[in-house]
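Single-structure report; data block below.
Below, read A as the first sequence line, B as the second, and so on, with proteins coming before strands; counting in each chain starts at 1.
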Amino acid sequence: MGKIWRVSGPLVIADDMKGSQVYEIVEIGKEGIVGEIIGLERNKAIVQAHEDTLGLKIGEEVRGTGKILSAELGPGLVASIYDGLQKSLLTLIENTGSFIRRGAKACALPRDKKWQFTPTAKVGDAVSEGDIIGSVPETSLIEHKIMLPSGIKGRIKEIRKGEYTVEEPIAWVEFNGEVKELKLMQEWPVRKPRAYKQRLDPSGLLTTGMRILDYMFPLALGGKAAIPGGFGTGKTVALQQLVRWAQTHLNIYVGCGERGNEMADVLYSFRQLKDPRTGKMLEEKEIFLANTSNMPVVAREASIFVGVTIGEYFRDMGYDILLVADSTSRWAEAMREMGGRLEEMPGEEGFPSYMGSRLASFYERAGMVECLGSPKRKGALTICGAVSPPGADFSEPVTQSTIRIVDALYALDVSLANKRHFPAISWLTSYSLYVDAVKDWWNQFDPGWENTRATALKILQQEAELEEIVRLVGPEALPDGDKLLLLVARMIREDFLQQSAYHEVDTYCMPVKAGLMLKTIIRFYELSQEMLNSGAGIDAIRSSPVIRKISRMKEIPHDTFEQRTKELWLEMEQNLVGHKGGIT
Amino acid sequence: MNIPSLYIKEGKAINKAKGALIIAESIPGIKFNEIVDVQLSSGQIKSGQAIDISDEATVVQVFGGVSEVDLLGSKIRCKGETLKLAVSADILGRIFNGMGEPMDGAPPIIPESYLDINGEPINPASRMPPAEFIETGISSIDGLNVLVRGQKLPIFSGSGLPHNRIAAQIIRQAAVKGKVEKFAIVFGAIGISYDDASFFIRNLERTGALERTVAFINTASDPTIERISTPRLALTTAEYLAWRRNLHVLVVLTDMTNYCEALRELSAMREEIPSRRGYPGYMYTDLATMYERAGRISGKEGSITIMPILTMPDDDITHPIPDLTGYITEGQIVLSRNLERKGVYPPIDVFLSLSRMMKEGIGPGKTREDHNNVFMQSYAAYSEGCYLREISTIIGAEALSERDKTYLANADEFEKKFISQGEFEKRKVEDTLDIGWELFSALPEEDLKLISEKFIKRYLPKYSKKSQA
Ligand SMILES: Nc1ncnc2c1ncn2[C@@H]1O[C@H](COP(=O)(O)OP(=O)(O)O)[C@@H](O)[C@H]1O
Ligand SMILES: [Mg+2]
């Protein structure tokens, strides 16, 4: 047992720590504050404390635990809410009340709850790491596959069906005469990526229900994306929308250094909302990690790695997982804080030089993989992180490092947010490198998707160019063709891209509906161009009643949408062609 | 990895003073961050804080202008305590200085308990999402940037703008609709002028709220260092009143820019690596640990709503102080020098302002069913009008189409009728929404695409007047 030798904020140096290892978890002082050894020098251990160190004294004891920072993996994860160190926040309420007391302990997985385990492996089967040996129906949406943990292989000697807690043995595996017990629960060191058989390219659309993502800047399953934006531009709402509606098997929400009320809001709303595809309560496919801005800074880093480890674990069962992290900038700030205490050479804006590689080591854990073990299966972990650039200036180090790593960027624009154009994702600066990866997916439902998308983006680009002229000469001085283009661009922006997270219908838009909406606007454009060509004036087009109908397409519920669109198209052809004076 | 050594760097030896830091021998039993007494060689006593402790040395930061010479040969006395505040129910109606000592001539309160001024973080899982609409009687807040109970909503101002009058108006008028409840106001003045502080006190006195108020006052002439504890004392008091005394507490903190300056000064003295513009890298977390003390807790009756006021240096919203604040608070009310010049009171810039808790606070049963639609349509119309205003300065208003001229005129009307109001005018939220509808009447009806058809039929004056007639 060691003792405190020095305290400086979250940095604690302990003496008499011979035999400790780097990354070992220690408990500090009589409260047992959790710390992690990040360096050793002779008998001294350099520890980063994951909890507040206020009031600690020199000479107080520091106990090694022999464990490294690990996540508990097993039934009981789904619908849980954890702090950054995977302590169950609900258990903490039971133990210590509404306020978080440092040093308080709470297991991640409930120890007394019994789960119904049904084996799929049989006695005599040869098994190795990653093999699925049975499953537990964890929630009505998640069948929790029990996989062989790393380091165990051999033949199954015994396997039991029935109700077990996570700590009771369910199977025994024999190898070279040695028998090992298996439980429903396993542990994994959070800083180490979980193993897989083979990495695959991200493919297929991660359906989000957000038109500007799904249609314009698609995110592929297994992809990595970032959403940078100044305060109030819509990062949190966008991430919350993602975990609400993304058509995945399970979503993980990591609130890292952000607001407590936002966490309360997600938790509360998830208990009321239903998954659009299955009709089941959303909570049954979500895991929350909350390390809010007033909770210990160093644990922000842990929260991100705990989250991603849980994500990989479910990926390994063959599921599609989405993890969102709000905000990775707060995590980078925690790195800066520790770096400063360690007197490391600061890089740009005081961030440590390894900030970029640390960020990469997080995003690199996204991916689509062929999982380890049998049966053969694929799983995907998709990651989307918010970035909070100071002064909304994207040239700052965290945004820049992130942009170098991710393959889809949703750049939020302050001026759009100020005008309450939401989602305030800029169509001019955002991009996705997954267009090819989702092409096949789209073409099944919406042949011609690529063309429609390209046409719309081109119109928006042209609008931006015309905008400069408008500022000099005014909109009325433009030729009718340009006026029409401005009208259509505006329709694309307001009637297609704008999508309120709070509208009861429009909060989630099926990709097929999104496609029809955009095609309707493009069709309107084509018909109007014909009208102009045959001599009609722009006013005839501007006053067309179909414009108003197009603007209300988003409110039409999904079940009647196709029918209503057909009617709209008919009306549009009659109305707009009618003005041509009967020439068809 | 090397063991970092703050006190040996630059060849500094033990028992030295550097700036406001004393590097002393290791002091047995001293606690990290504890507040100590420092007896200078002159005999004078200053307070200090143990910011780095070890077996070899103790680093103490001494508060309040001292020179290195004063510090040489000084003695450090431990008290074994981190900063605590004495509280009891009698605290209501009292005025303290920035360190928590009575300033109103009355004796110190008889403590019921001593609370750590840093508080403890609320477990996020035990929070209740704030959802009760507070009617402030100010249209640009109630209509467009709603304040709810348990929210932290700052005012971003500029020097010379009427933030104090607006804050005073909010304090005077704010009430949860249809309820008369036990409330309290905690006022924290941080480095402001004596006149500004007494403006607030007089205002509270006039509304009869003074006996429900606790004030902590650190004026511009008080020591900078005390500014670090003033807001924490205010918030600790608020927590006591909300969570132990079941009161709904509104905390007004002004001017938080002075707090941030003090934090920067402190950090510079510690020779920490600065982040943007010299402010410490941990300023976000430091402010967050204070502002996150706002909220509602399930199972508890009280609540804490925080309204910090800050002046944006150079009116620059991207300056680290407003910027980091905006990243923490649940929105912001931003004042505009432009509107102020036009004679608009309150000069609230509705584009830069935001309330993130709005959607929970509005709607049927809370305000009115059409609230969200009116809100969205107002923004759309006003931003269109402002855009056209910008263009027309170059091309002239005559060059606009008839439709565009309507929008241009509408933006002016919006500023005159919706945003402007009297300093003592308290508008009901229904009246605010009706002003919105009146302004919509001037626009082409088919343009009201953010409003559902049924509300148009119900509230647009040309229909609603008819149905009433
Ligand atoms: N998709 C959206 N639909 C409607 N409102 C939105 C949307 N996105 C953002 N907002 C509005 O913007 C506010 C700020 O968004 P938020 O996600 O909290 O910003 P950030 O996390 O970037 O600071 C929200 O409170 C909400 O009023
Ligand atoms: Mg946010």
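- Between chain A and the options B:P124, B:G295, B:S298, B:A50, heavy-atom pairs under 4.5 Å are most frequent for B:P124.
- Between B:T289 and A:S293, the shortest heavy-atom contact is CG2-O, 4.4 Å.
- Looking only at distances, a side-chain donor or acceptor of B:D323 sits under 3.5 Å from a matching main-chain atom of A:G391.
- Ranked by heavy-atom pairs under 4.5 Å with chain B, the list A:E476, A:Q498, A:M263 is led by A:E476.
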### Message
Applying side chain to side chain contact (heavy atoms under 4.5 Å, CB included) to B:Y387 and A:R471, what does each step give before you reach the verdict?
### Response
CA-CA 10 Å; B:Y387 165 75; A:R471 285 184 180 269; 3.5 Å; yes
### Message
One pair to check against side chain to side chain contact (heavy atoms under 4.5 Å, CB included): A:T292 and B:R127. What are the steps and the verdict?
### Response
CA-CA 12 Å; A:T292 52; B:R127 283 183 185 266; 6.0 Å; no
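- Residue B:R356 comes nearest to A:G232 through the heavy atom pair NH2-N, 3.0 Å, listed as atom of the first residue, atom of the second, then distance.
- Of all heavy-atom pairs spanning B:A125 and A:L267, the tightest one is CA-CD1, 4.2 Å.
- A salt bridge is absent between B:R276 and A:E349: the closest approach of a Lys/Arg side-chain nitrogen to an acidic carboxylate oxygen does not fall below 4.0 angstrom.
- For A:R542 and B:S401, the side-chain atoms include no donor-acceptor pair closer than 3.5 Å.
- For the atom pair CG (B:N123) and CD1 (A:I93), the distance works out to 4.0 Å, reported to the nearest 0.5 Å.
- The most heavy-atom pairs under 4.5 Å with chain B, out of A:L54, A:I4, A:V473, A:I81, come from A:L54.
- To the nearest 0.5 angstrom, B:I53 atom CD1 is 8.5 Å from A:T53 atom OG1.
- The greatest number of non-hydrogen atom pairs below 4.5 Å with chain A, out of B:E360, B:E330, B:E384, is found for B:E330.
- By number of non-hydrogen pairs under 4.5 angstrom with chain A, the leading residue of B:D447, B:I122, B:I391, B:I394 is B:I122.
- One finds the CE atom of B:M128 at 10.5 Å from the CG atom of A:N261 (value rounded to the nearest 0.5 Å).
- With salt bridges taken as basic N to acidic carboxylate O contacts below 4.0 Å, one links B:E453 and A:R548.
- Among A:A290, A:S415, A:S388, the residue making the largest number of heavy-atom pairs under 4.5 Å with chain B is A:S388.
- Under the 4.0 Å criterion applied to side-chain N and carboxylate O atoms, A:D265 and B:K359 are assigned as salt-bridge partners.
- Proximity to chain A (any heavy atom under 4.5 Å) is shown, for B:M290, by neither the backbone nor the side chain.
- Residue with the most contacts toward chain A among B:R293, B:E390, B:M376: B:E390 (heavy-atom pairs, distance under 4.5 Å).
- Although no hydrogens or angles enter the test, the distance criterion places a donor-acceptor pair under 3.5 Å between the side chain of B:Y284 and the main chain of A:G257.
- Of the listed residues (A:E467, A:H503, A:E555), the one with the most heavy-atom contacts under 4.5 Å to chain B is A:E467.
- Considering all non-hydrogen atoms of both residues, B:S275 and A:R336 come closest at OG-NH1, 3.3 Å.
- In plain terms, the two heavy atoms of B:S452 and A:R552 that are nearest each other are CA-NH1, 3.9 Å.
- Relative to the ring axis of B:Y327, A:R330 places its NZ or CZ within 45° and under 6.0 Å from the centre.
- Applying the side chain to side chain contact (heavy atoms under 4.5 Å, CB included) test to A:P10 and every residue at least two apart in sequence or in another chain returns A:V298, A:E337, A:M338, A:R341.
- Here the CZ atom belonging to B:F32 is positioned 10.0 Å from the CZ atom belonging to A:R6, to the nearest 0.5 angstrom.
- Annotation: A:K549, atom NZ; neighbour count of heavy atoms from other residues, nucleotides and ligands within 6.0 Å does not exceed 12.
- The line from OG of A:S543 to CZ of B:R403 is 12.5 Å long, rounded to the nearest 0.5 Å.
- Chosen from B:L352, B:I328, B:I273, the residue pairing most often with chain A at heavy-atom distances under 4.5 Å is B:I328.
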### Task
Could you please spell out the steps behind the side chain to side chain contact (heavy atoms under 4.5 Å, CB included) verdict for A:F99 and B:I297?
CA-CA 10 Å; A:F99 295 88; B:I297 294 180; 3.7 Å; yes
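- Here the straight-line distance linking atom CZ of B:F375 with atom CZ of A:R420 works out to 5.5 Å at 0.5 Å rounding.
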### Task
Please report the C-alpha distance between B:I317 and A:F231 in whole Å, then the side-chain angles of each, then the deciding distance to 0.1 Å, and finally whether the side chain to side chain contact (heavy atoms under 4.5 Å, CB included) criterion is met.
CA-CA 11 Å; B:I317 197 167; A:F231 65 81; 4.3 Å; yes
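- Comparing B:I395, B:I30, B:D349 by how many heavy-atom pairs each has under 4.5 Å with chain A, the most go to B:I395.
- Put simply, of A:G59, A:P346, A:G9, the one with the most heavy-atom pairs under 4.5 Å next to chain B is A:G9.
- The two atoms that bring B:A288 and A:N294 nearest to each other are O-CB, 4.1 Å, heavy atoms only.
- Proximity to chain B is absent for every atom of A:D83, based on heavy atoms less than 4.5 angstrom apart.
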